[in-house]
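Report on the following structure.
Since this is a predicted model, take the numbers as computed values, not measurements. In each ligand, atom 1 is the first atom listed, and ligand 1 is the first ligand listed.
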Amino acid sequence: MPELTPTKVAAYFHLDEGGAHCELCPHQCLILPGKEGRCGVRAYQEDQGLVSKSYGNASAIALDPMEKKPLYHFYPGTTVLSLGSFGCNLRCRFCQNWQISQKIQAADILTPEAVVELANKYQHVSCVGVAFTYNEPTIWYEFVLDTALLLQAADLKTVLVTNGYISPEPWRELLPRIDAVNIDVKGWSEEFYHKLCGGSLQPVLDNVQTAREYCHVELTYLVIPGHNDDDTSLEGFARWVRERLGAATPVHFSRYFPNYRLDIPATPIATMKKARNIASEWLDYVYLGNVEVNGAAHTYCPVCHTLVIERSRFEAPRIYASYGRCPDCGTTLPLITEA
Ligand code: SF4
């Protein structure tokens with residue numbers, strides 16, 4: 001594995017049993033000298049303690065539509081400077097970004113100041129801030145936190161696209177600096193998380209609820225045939241979202257395609273439609289992603305069913321709401337917009 005530089009002393013660890021005990025995520029790795037934790041980016045160096053080897057190490061930088069995160073109710077029609085690093089603390093067999101999540105490489109080194117400067121530079125194309133995405137941002141913790149502090153001071157937004165697998169204390173430290181999150185709920189059982197992701201479901205659900213206290217939350221559920229697409233799981237998930245977060249929480253069902261270590265065929269379109277139908281019994285804003293189904297990415301007023309935001313894959317969304325209100329019946333919609 002190529003060496004990553006620079007290193008930065010990590011947050012959330014203590015020395016114990018001849019190693020460093022990382023407290024950043026529920027894995028709570030005990031890392032011996034010269035070794036790395038399960039995420040591959042936090043290493044114990046006896047002269048420094050636990051270090052983050054990925055501080056400022058950016059695998060990808062792009063200006064993306066906000067809709068691509070996906071965030072549909074957060075500044076629709078804007079763009080966001082999107083950054084990723086390397087590594088992940090889960091091992092999802094179906095990972096859609098495994099080239100950067102499961103392989104650690106040296107790459108462009110950025111500073112938090114440079115990220116803010118870049119985001120500012122793109123304001124003329126409606127860039128509202130920075131999204132930490134592509135790989136798992138919570139294991140990029142120190143860089144994300146440092147950058148988010150500067151973004152907040154510069155009146156720019158910070159977005160996380162995350163698996164939500166982080167310990168409660170660092171999560172509560174980070175969230176006041178975050179404006180919006182899209183959190184993956186990857187399945188609806190501990191068995192699913194254990195067998196397919198190498199993690200557990202409950203910490204993710206706890207963190208989803210905590211995030212709701214601080215910022216805008218949308219959820220993504222990748223629908224995988226035979227693993228999490230049964231009616232009981234889909235309904236259980238949708239009911240939980242309604243009961244714990246509210247019916248107005250946007251939920252994105254994303255279509256699985258074979259990737260990394262899972263090679264079963266892509267999710268049938270009929271299954272995607274079924275997921276939407278089941279969840280729509282409980283939730284007001286259910287979207288389908290990675291799939292062409294007419295109207296499945298549009299936002300409709302939950303009261304009068306008027307089309308409020310029209311989305312297509314290749315064009316900017318058409319927004320008919322103004323000041324977050326339905327253009328027909330005037331209902332206030334859960335949209336964070338510029339106007
Ligand atoms: S962040 Fe990495 S090193 Fe720390 S507990 Fe999680 S997997 Fe282990």
- Message: Using the rule given for side-chain hydrogen bond (donor to acceptor under 3.5 Å, both in side chains), can you reason through Arg311 versus Thr299, listing the C-alpha separation, both sets of side-chain angles and the distance that settles it, and then say yes or no?
- Response: CA-CA 8 Å; Arg311 299 181 184 87; Thr299 300; 2.8 Å; yes

- Can you check side chain to side chain contact (heavy atoms under 4.5 Å, CB included) on Val291 and Ile269, steps first, answer last? CA-CA 8 Å; Val291 66; Ile269 304 292; 3.3 Å; yes

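For atom 2 (Fe) of ligand 1, the neighbouring protein N/O/S atoms at less than 2.8 Å, given as residue and atom, are Cys39 SG.
The proximity of Gln28 to ligand 1, defined as any non-hydrogen pair under 4.0 Å, is limited to the backbone.
Note that OG1 of Thr220 and CG of Leu71 are 8.0 Å apart. Values are rounded to the nearest 0.5 Å.
Residues satisfying the side chain to side chain donor-acceptor pair (under 3.5 Å) criterion with Thr79, sequence neighbours excluded, are absent altogether.
Within 6.0 Å of CD on Glu281 lie no more than 12 heavy atoms contributed by other residues, nucleotides or ligands.
Nearest heavy atom pair, residue Leu81 against residue Ala119, reads CD2-N, 3.8 Å.
Each of the atoms 3 (S) of ligand 1 lies under 4.0 Å from some heavy atom of Ile31.
The six-membered or imidazole ring of Tyr285 lies away from that of Tyr72, with a centre-to-centre distance of 6.0 Å or more.
Residue Ile166 places no heavy atom under 4.0 Å from ligand 1.
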